[in-house]
2 protein chains.
Amino acid sequence: MDSISLDFSHGNEAGSLMEELLKGKAAAGLAKQQEAVSQAYNTLLQGNGKGNDFLGWIRLPEEIQAETLEDISAKAEEFRKKSELFICIGIGGSYLGTRAIIEALKPQLSDRMPGAPAVIYAGHQLNQDYMNELLALLDKHEYTVCVISKSGTTTEPAIAFRLIREHLTAKYGKAEAGKRIAAITDRQKGALRTLADTEGFPSYVVPDNIGGRFSVLSPVGLFPLAVAGIDIKSLIKGAADMQKRLTVPALDWGKNIAAQYALFRQYQYVQQHKKVELLVNFDSRFHFLSEWWKQLYGESEGKEGKGLFPSNAGFTTDLHSLGQYIQEGERLFFETVLSLENQHTRLQIPSDRENLDGMNFVAGKEMAYVNRKAEEGTILAHARQGNVPVLRISVPRLNAFHIGQLIYFFEFACGLSGYSMDVNPFDQPGVEAYKQNMFRLLGK
Amino acid sequence: MDSISLDFSHGNEAGSLMEELLKGKAAAGLAKQQEAVSQAYNTLLQGNGKGNDFLGWIRLPEEIQAETLEDISAKAEEFRKKSELFICIGIGGSYLGTRAIIEALKPQLSDRMPGAPAVIYAGHQLNQDYMNELLALLDKHEYTVCVISKSGTTTEPAIAFRLIREHLTAKYGKAEAGKRIAAITDRQKGALRTLADTEGFPSYVVPDNIGGRFSVLSPVGLFPLAVAGIDIKSLIKGAADMQKRLTVPALDWGKNIAAQYALFRQYQYVQQHKKVELLVNFDSRFHFLSEWWKQLYGESEGKEGKGLFPSNAGFTTDLHSLGQYIQEGERLFFETVLSLENQHTRLQIPSDRENLDGMNFVAGKEMAYVNRKAEEGTILAHARQGNVPVLRISVPRLNAFHIGQLIYFFEFACGLSGYSMDVNPFDQPGVEAYKQNMFRLLGK
């Protein structure tokens, strides 16, 4: 099966060193960071580092049972059949992964996968007008709800769920409402577990040993994805394929693309003093994957005054907004390009007799061909003219398998990268600060 | 009329100095940057600085004729009447401003303003699957097109326009197609001007003395906004109100909020060595205004190795992704909060007898009240605990008038800020690099 792959040829100084390394030569300039990533690799796989009670995601893809996937798929099918709209309540790790995968795989000008309900997100913010619009929409459509919260007491999803559950009960009665809510929550404790057990909601478990930002391949993502019409078996198959490639007993630099990515990042951060990693794409379906990636890396590394600040852009759109800064502003960043090798459809640029716009030089070519040349041209402009090191991650096509690969790749590299920076990649102590202030101001 | 306003009380060191200054005291710590902004103010209003052939936006809101607005509105009404879909073709400054205003003002779960066609964007990227989806949609709906390009030869919009014009002509015949395309382009030269004149398209002029990123209050934005159902008269009224406040002969630090913003930014950049400005919001309707702002500031300042890198986030959503980094990662940034004072609708959080989720302490409160406390709590967490200086920009409500104010405010402050950094805020030489490489790779 073809796979996602990395290209370091425009990584400038680090790129040359990486290419040496991948040819099997010793690249002395990388030695220090190589040592750090090697140690991180052992720590991660041996499970003896900081935050090691949150490593359940490492073996998840290969360990997940076929029956679990069948059970989720069957229940999702029930939900799908009675939904025009499917309301997905969650925030952070209970929201971004699911949305990232749906947005990557659904048609761009439709609100749903073929044959599936439209997914509407809630509980990911506190926007009152949005919630009123949503409640008005729910008056008019058949819907089901999935609420994802480990504790059941996180402010945003808790408020959204109160409002939507009230609406659902008024619309369908208590008994039917109980069949239209799926809860994904703690195995045994917490508000949502208690409620789900009392009311008999179908429910799934947020594993104890997997943190939110690493949880999309658990029921946290799998159930809503299945309702939304995503092929969760292929998704897991892709992730398991990547798990097999990356988690071998002895680190093989030539084959382990997660270790390569972690090494490249470490070099940029430590040796080149880069402060920002720009994850860019040339296909807007990658947008929410970038948002998911921002949580994954920002929350894992951004502590103790450390970390690469994760930022993103969508090209060619943003070449006409951020492009100027990237080309000629402060040299703060390196760039990681999410590159899509194939589109689903074909489309030739038509010829025009008068050729007033001067575009006949690409007539007969596919639009994707021009986009590909824009990508190559941009990489050259940034790496050579702009002195921004560029790493390219190629994704063969947008399907569940390759997205599964990509997700596991980013997760594993993130674990390596966090340990290499000597932080605990699996906690997020700083997220509490705003909450505590908010609760105080609310008089809690 | 109420107005947008600034709050420096959480700006830490710079905030205290700004508050001194606004009380009329001399703030010695600010003197150097004050001098730079004062000079920039004079340069901008006297029109004797770099790029001074692109200052047409400064007096645009007050100078625009009532008849021009009437004419645009009347033509837009014609288009609206025969459109289920309205296709807006443009990139960069011919795209972001229009989208920013529509997304700020339209209902969030609808694709259109009441009584107006849905707006679909094209020519802002080179996505082949997207274009095929769009063409399939155009088979099924009545539509009109607006194409915005000064030259008519920019790759992305030129390719999109070729494909869509071909579709339109096949669907409606040449004569009717000519009445369903509006061109916004150069006054007299270029591919699109020639085509519009030859084919008799209704057309509007991209002013010669206004660059793309400053053009949304010209016909570049006004025509598509009017078709989309935006109140362009109120928009211009808001901008003119702000023009009047900001462009008085002698700079008044106590009243000139654009000068205040430019000064605060300069202080962060020069004295505090901040590298990133994070524009955040607590209402997702500001998202595309942030995207527009990123072009405005990034393209104006990001040159000669200088400039604050413009980045954005949407809260509370992203407090559960980037929040950790902002709170505890590298101290790279200051934060500018777009704060919305009022929602359009009301919604109370219901009480729950069992209170399993523990949210009864906010039962009976509006959801917006909780959001407001989240905002206050976040500002405290970032400014005090996280040592991230915070500036708050308050917007009374989301309507065309205040958005007009906000746009002019950001534009004028951007001119001041660019001159203060001693760059030409009105050119974008770096945008050409990727294009030249692309053309070479395409064999042009």
Side-chain angles (χ1 to χ4, degrees), chain A residues 91-92 108-109 124-126 128-130 132-133 152-153 158 166 191 194-195 275 294-295 298-299 302-303 307 311 317 320-325 327-329 343-345 347 350 356-359 361 367-368 370-371 373-374 376-378 380-381 385 428 430-431 433-434 437-438 441-442 444, chain B residues 91-92 108-109 124-126 128-130 132-133 152-153 158 166 191 195 275 294-295 298-299 302-303 307 311 317 320-325 327-329 332 343-345 347 350 356-359 361 367-368 370-371 373-374 376-378 380-381 385 428 430-431 433-434 437-438 441-442 444:
Chain A
I91 196 166
Q108 296 170 79
L109 288 170
H124 60 310
Q125 56 177 13
L126 290 163
Q128 180 158 311
D129 288 341
Y130 179 92
N132 274 319
E133 282 182 43
T153 57
E166 187 179 65
T194 305
L195 187 70
K275 297 300 184 191
K294 278 156 70 174
Q295 179 186 6
E299 216 167 60
K303 48 198 75 162
S311 191
T317 305
H320 296 253
S321 64
L322 289 174
Q324 168 66 38
Y325 192 104
Q327 198 66 48
E328 300 187 344
Q343 297 279 304
H344 297 310
T345 61
L347 180 61
L356 284 171
D357 59 11
M359 298 306 296
F361 78 104
M367 196 168 169
V370 181
N371 198 32
K373 295 301 162 191
E376 291 171 17
T378 301
L380 288 172
Q385 288 136 279
Q428 52 284 331
V431 178
Y434 99 88
N437 291 329
M438 174 178 72
L441 292 166
L442 286 168
K444 193 184 184 183
Chain B
I91 195 166
Q108 296 170 79
L109 288 170
H124 61 311
Q125 56 177 12
L126 290 163
Q128 179 158 310
D129 288 340
Y130 179 92
N132 273 319
E133 282 183 42
T153 58
E166 187 178 64
L195 188 69
K275 297 300 184 192
K294 278 156 71 174
Q295 179 185 7
E299 217 167 59
K303 48 197 74 162
S311 191
T317 304
H320 297 253
S321 64
L322 289 174
Q324 169 66 37
Y325 193 105
Q327 197 67 47
E328 299 187 344
L332 301 169
Q343 297 279 304
H344 297 310
T345 60
L347 179 62
L356 283 172
D357 59 11
M359 297 306 295
F361 77 104
M367 196 168 169
V370 180
N371 198 32
K373 295 300 162 191
E376 291 172 16
T378 301
L380 288 172
Q385 287 136 279
Q428 54 284 331
V431 178
Y434 98 89
N437 290 330
M438 174 178 71
L441 292 166
L442 286 168
K444 193 183 183 182

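Letters A, B, ... are given to chains in the order of the sequence lines, protein chains preceding strands, and every chain is numbered from 1.
Interface remark: of the candidates A:Q324, A:E133, A:E376, A:Q385, A:Q324 forms the most heavy-atom pairs closer than 4.5 Å to chain B. When each of A:Q125, A:Q343, A:M438 is scored by its heavy-atom pairs under 4.5 Å with chain B, the top score falls to A:Q343. Your options are A:L356, A:L380, A:V431, A:T153, and the one with the most heavy-atom pairs under 4.5 Å with chain B is A:L356. Among A:T194, A:V370, A:L195, the residue with the largest count of heavy-atom pairs under 4.5 Å with chain B is A:V370. With chain A as partner, the option from B:A368, B:A374, B:A191, B:G430 having the largest number of non-hydrogen pairs under 4.5 angstrom is B:G430. Considering only heavy-atom pairs separated by less than 4.5 Å from chain B, the leading option among A:Y434, A:Y130, A:Y325 is A:Y325. No other option in A:G302, A:A381, A:P350, A:G358 has as many heavy-atom pairs under 4.5 Å with chain B as A:G302.
Looking at A:T378, both its backbone and its side chain come within 4.5 Å of chain B, counting heavy atoms on both sides. Only the side chain of A:Q327 comes within less than 4.5 Å of a heavy atom in chain B; its backbone stays farther off. Residue A:E166 touches chain B through its side chain alone, counting heavy-atom pairs closer than 4.5 Å. Both the backbone and the side chain of B:T317 come within contact range of chain A, each with at least one heavy atom under 4.5 Å from a heavy atom of that chain. If you measure heavy-atom distances from B:Q428 to chain A, the contacts under 4.5 Å come from both the backbone and the side chain.
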